[in-house]
Amino acid sequence: MSFNTIKINGKIFSVSNADRFTSFWRFFNDGSWESSTLNIIKNNLNSDDVYIDIGAWVGPTVLTAASTGCTIYGYEPDPVAFAELQENISINQLEKINIQNCALFNHNGVMNFGSGRSTNLGDSVSSLMNGEGAISVKVIDVSDEIKKSWFVSAKMLKIDIEGAEYLTLPKMSNFLKERKPIILLSIHNMKTSGCAGLSGYFKMVINRLNILKVIGFYKFKYIESRKGWLDVNASWVPFDIYKKMNFILSIRGNRELLLSDEKINI
């Protein structure tokens, strides 16, 4: 098997499957892929902290968290991405990482799961809510999982679950109010969330209003500002009333939110 080499926080990591993921890891390594998200992880975690990655994919945010020495718990339902994630953890001999091949959702059971944009699993947009080439994956009720000791002690959560956040996050509401972890939250568009047409538009408006209700107690709220998918200069700006209005109405676009109950390094 061939490997790529990347540098995070001055540390060298190896990553697998060079044939498929070479372009992605090149974007990651030059700082153009989700630079604002990665900076939050690098600048606000240390070896005493617990970080939870919900939607870990092949591991870019997991490896970034690992560079800080923190303890990591991750969830990834896509079996192809999960295998890559396991390999990337193994080849770097990382020991403080615990991962599960399942999705966190609003109930326990088994659900259809698709690639999001093709028949090939393993892409970062694989989803419970949308996609062709469906398989069945295990889903765990998040209201059970948040009772676990690692959730209770977590300093930071990253939630990127391709439209399932609208049904999952409300079940975390009381936990979030009580524990107030830092959250990196990806909010997805109509198509990714499985909504279509005029009725889908209004459903999405309601979904985003509900998200604002769930996160309303956080003292510090930011939204990502970036130019396109790849932007080395992406940054966090205050999530003010005007940006909230745009967030509610512009439901064809994805949005990245940063939430904290205290000032952090952004």
Side-chain angles (χ1 to χ4, degrees), residues 27 31-41 43-44 53-55 57 60-61 105-106 116-117 123-131 156-173 176-177 180-266:
F27 293 138
S32 58
W33 183 84
E34 299 200 8
S35 57
S36 55
T37 292
L38 300 179
N39 286 337
I40 292 298
I41 295 171
N43 295 337
N44 293 280
D53 200 313
I54 306 173
W57 191 37
T61 46
F105 200 50
N106 66 352
R117 59 186 167 198
D123 285 343
S124 63
V125 294
S126 297
S127 174
L128 291 170
M129 313 305 293
N130 174 59
M156 184 183 296
L157 312 180
K158 190 221 78 182
I159 305 173
D160 187 355
I161 49 180
E162 305 302 318
E165 64 274 8
Y166 296 112
L167 297 175
T168 306
L169 199 68
K171 296 205 72 173
M172 302 174 69
S173 180
L176 296 177
K177 288 179 182 177
K180 299 180 176 65
I182 299 167
I183 301 182
L184 289 159
L185 176 61
S186 295
I187 300 295
H188 293 86
N189 59 35
M190 280 182 66
K191 182 177 179 180
T192 304
S193 303
C195 295
L198 186 60
S199 62
Y201 177 88
F202 287 112
K203 180 179 179 180
M204 285 294 292
V205 168
I206 292 171
N207 283 342
R208 292 204 173 183
L209 286 169
N210 287 337
I211 292 292
L212 292 181
K213 182 178 179 181
V214 171
I215 67 174
F217 68 90
Y218 274 102
K219 295 178 182 177
F220 299 94
K221 306 180 190 70
Y222 304 91
I223 190 166
E224 187 187 45
S225 174
R226 71 182 180 196
K227 297 178 180 179
W229 178 57
L230 300 171
D231 184 0
V232 70
N233 295 314
S235 61
W236 298 102
V237 297
F239 193 30
D240 59 28
I241 185 63
Y242 300 106
K243 289 184 171 56
K244 287 178 182 176
M245 291 173 63
N246 179 268
F247 171 82
I248 293 167
L249 298 175
S250 300
I251 47 76
R252 288 184 174 83
N254 298 336
R255 298 291 184 269
E256 306 294 329
L257 301 180
L258 167 63
L259 311 164
S260 176
D261 211 52
E262 57 187 33
K263 287 188 176 181
I264 60 175
N265 298 317
I266 62 171

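Just so you know, residue 1 is the first one in the sequence shown, and it goes up from there. Quick caveat: nothing in here was measured; it's all calculated off a predicted structure.
In this structure, CG on Leu169 lies 8.0 Å from CD1 on Ile161, to the nearest 0.5 angstrom. Here CD1 of Ile40 is found 6.5 Å from CG of Leu184. Values are rounded to the nearest 0.5 Å. Here the OG-CE distance, from Ser250 to Met245, works out to 10.0 Å after rounding to the nearest 0.5 Å. Distance check, rounded to the nearest 0.5 Å: CE of Met204 to CD1 of Ile211 gives 9.5 Å. The CG atom of Leu38 sits 10.5 Å away from the CG atom of Asn43 when rounded to the nearest 0.5 Å. Atom CG of residue Asn233 and atom OG of residue Ser32 lie 10.5 Å apart, to the nearest 0.5 angstrom.
Ile187 and Arg208 get closest at one heavy-atom pair: CG2-NE, 3.6 Å. The nearest pair of heavy atoms linking Trp57 to Asp123 is NE1-C, 3.3 Å. Of all heavy-atom pairs spanning Val205 and Ile251, the tightest one is N-CG2, 4.4 Å. Scanning both residues, Tyr201 and Leu249, for their nearest heavy atoms gives OH-O, 3.2 Å. Scanning all heavy atoms of the two residues, the minimum distance from Tyr166 to Ser193 falls at CE1-OG, 3.2 Å. Between Glu165 and Pro170, the closest heavy-atom pair is O-CD, 3.8 Å.
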Residues Met129, Thr192; criterion side chain to side chain contact (heavy atoms under 4.5 Å, CB included); working and verdict: CA-CA 7 Å; Met129 313 305 293; Thr192 304; over 6 Å; no
Derivation and outcome, side chain to side chain contact (heavy atoms under 4.5 Å, CB included), residues Thr37 and Asp160: CA-CA 11 Å; Thr37 292; Asp160 187 355; over 6 Å; no
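At distances below 3.5 Å, not a single donor-acceptor pair connects side-chain atoms of Arg255 with backbone N or O atoms of Ile223. Put simply, the side chain of Lys221 gets close to the backbone of Gly216: a donor and an acceptor are under 3.5 Å apart. Using a distance-only test at 3.5 Å, with no hydrogens or angles considered, a donor-acceptor pair links the side chain of Asn44 to the main chain of Asn265. Using a distance-only test at 3.5 Å, with no hydrogens or angles considered, no donor-acceptor pair links the side chain of Asn189 to the main chain of Asn254. Between the side chain of Lys158 and the main chain of Gly55, a donor-acceptor pair closer than 3.5 Å is present.
In this structure, Val125 and Asn130 have side chains that are not in contact, with every pair of non-hydrogen atoms separated by 4.5 Å or more. Contact annotation: the side chain of Ile41 approaches that of Thr61 to within less than 4.5 Å [non-hydrogen atoms, C-beta and beyond]. Annotation: side chain of Trp236 is not in contact with side chain of Asn39 (no heavy-atom distance under 4.5 Å). The shortest side-chain heavy-atom distance between Pro181 and Met156 does not fall under the 4.5 Å cut-off. Using a 4.5 Å heavy-atom cutoff, the side chains of Ser35 and Arg226 are not in contact. Under the 4.5 Å side-chain criterion, counting only non-hydrogen atoms from C-beta, Tyr218 is not in contact with Ile182. The shortest distance between side-chain heavy atoms of Ile266 and Phe220 does not fall below 4.5 Å. Residues Ile183 and Leu257 have side chains not in contact (no heavy-atom distance under 4.5 Å, counting atoms from C-beta outward).
Applying side-chain contact (heavy atoms from CB on, under 4.5 Å) to Leu185 and the options Leu157, Val214, Ile159, Ile54 leaves one that passes, Ile159.
Environment of CZ in Phe202: sparse, with no more than 12 heavy atoms of neighbouring residues, nucleotides or ligands closer than 6.0 Å. Few gaps surround NZ on Lys180; more than 12 heavy atoms of other groups in view lie less than 6.0 Å from it. For NZ of Lys191, the number of neighbouring non-hydrogen atoms (other residues, nucleotides, ligands) closer than 6.0 Å is 12 at most.
Using a 30° and 60° split on the angle between ring planes, Trp229 and Phe27 fall in the perpendicular class, above 60°.
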